[in-house]
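Note sheet for the following structure.
Keep in mind it's a predicted model, so treat the numbers as computed, not measured. Throughout, numbering of the chain's residues begins at 1 and tracks the sequence.
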Amino acid sequence: QVQLVESGGGSVQAGDSLRLSCAVSGRAFSVYGMGWFRQAPGKEREFVAAISWSDGSPYYADSVKGRFTISRDKSEATVYLQMNSLKPEDTSAYYCASARAYRSGDLRSRREYDLWGQGIQVTVSS
């Protein structure tokens, strides 16, 4: 059974940095892309960042562009989200997601993703 295992969340002060990791565990499968989404209480799950698995092309939400960086290690089947200059409005549960190789659509859309992690909390205080 394939699972996405997230790590690296926590509580920080505004302006601090965190790095989230998401590792694919279980049997190997082909990936089209991987992404990070976040969801605050009472709000819709929103796109944060995504990366094409084949060529590493990144995609970012406007709210995080210039502060967050997504990367992947294909050999480790792991995707990272480096979050710098964190703001209180970044406080949320962050979810890793993977899109299987048969996909070909917009990685900024939740509909592209087949598998989701359990979520990890990031709290930024002012």
Side-chain angles (χ1 to χ4, degrees):
Q1 182 179 355
V2 180
Q3 290 183 311
L4 301 181
V5 181
E6 298 136 332
S7 60
S11 297
V12 296
Q13 298 286 319
D16 285 350
S17 298
L18 278 175
R19 188 174 83 152
L20 304 183
S21 299
C22 174
V24 180
S25 69
R27 61 179 177 85
F29 67 98
S30 297
V31 176
Y32 165 57
M34 293 189 72
W36 289 95
F37 291 75
R38 65 188 182 187
Q39 187 170 19
K43 294 189 175 182
E44 292 281 320
R45 190 169 296 189
E46 64 174 4
F47 168 74
V48 176
I51 190 164
S52 167
W53 206 248
S54 59
D55 64 8
S57 297
Y59 306 89
Y60 297 101
D62 288 343
S63 58
V64 306
K65 205 171 289 184
R67 299 187 299 123
F68 291 11
T69 302
I70 189 169
S71 61
R72 90 260 192 262
D73 184 330
K74 296 176 77 173
S75 65
E76 295 292 329
T78 299
V79 64
Y80 303 97
L81 185 67
Q82 177 67 43
M83 304 185 294
N84 298 329
S85 302
L86 282 160
K87 304 175 181 180
E89 50 263 44
D90 294 317
T91 295
S92 195
Y94 283 72
Y95 295 87
C96 173
S98 66
R100 298 292 294 269
Y102 68 86
R103 300 281 188 180
S104 60
D106 186 352
L107 286 170
R108 293 166 292 187
S109 170
R110 289 172 54 185
R111 291 190 298 271
E112 284 303 299
Y113 295 90
D114 308 283
L115 184 66
W116 293 82
Q118 79 283 2
I120 192 164
Q121 182 66 32
V122 171
T123 302
V124 185
S125 56
S126 57

### Query
Is a side-chain donor-acceptor pair under 3.5 Å present for D114 with Y32?
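Result is no, nothing qualifies.
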
*Measure the spacing between OG of S92 and NZ of K43 and express it to the nearest 0.5 Å.*
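Separation between the atoms: 8.5 Å.
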
**Message:** Can you tell me how far apart OG (S98) and CD (Q3) are? Round to the nearest 0.5 Å.
**Reply:**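 One finds 11.5 Å between OG of S98 and CD of Q3.
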
Exercise for review: Kindly indicate whether the side chain of R67, heavy atoms from C-beta on, has any atom under 4.5 Å from the side chain of D90.
Suggested key: yes

- prompt: Are V2 and V31 grouped together when hydrophobic residues (ILVMFWY) are joined by side-chain heavy atoms under 4.5 angstrom apart?
  reply: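 Yes; tracing contacts between hydrophobic side chains, which count when under 4.5 Å, links both residues.
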
Do L81 and L115 land in one hydrophobic cluster if side-chain heavy atoms of ILVMFWY residues count as linked below 4.5 Å?
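Same cluster.
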
Counting N and O atoms only, with roles assigned by atom type, does the side chain of [X] sit under 3.5 Å from a partner on the main chain of [Y], one being a donor and the other an acceptor?
X: Q82; Y: T69; answer: no
X: T91; Y: V124; answer: yes
X: E6; Y: C96; answer: yes

With a cut-off of 3.5 Å and sequence neighbours excluded, list every side-chain donor-acceptor pair involving residues 13-22.
{"from": "Q13", "atom 1": "NE2", "to": "S125", "atom 2": "OG", "distance (Å)": "3.3"}
{"from": "D16", "atom 1": "OD2", "to": "Q13", "atom 2": "N", "distance (Å)": "3.1"}
{"from": "S17", "atom 1": "OG", "to": "N84", "atom 2": "OD1", "distance (Å)": "2.9"}

Closest heavy-atom pair, D73 versus Y80, reported as atoms and distance to 0.1 Å, is CB-CE1, 4.1 Å

Y60 and F68 have their tightest heavy-atom pair at CE2-O, 3.2 Å

Q. Taking the six-membered ring of Y95, is the NZ or CZ of R45 close enough (under 6.0 Å from the centre) and on axis enough (within 45°)?
A.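 Yes, R45 sits over the ring of Y95.
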
query: Does the ring centre of Y113 sit less than 6.0 Å away from the ring centre of F37?
result: yes

>> Other residues, nucleotides and ligands only: do more than 12 of their heavy atoms fall within 6.0 Å of CZ on R108?
In response: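 Count not over threshold, so no.
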
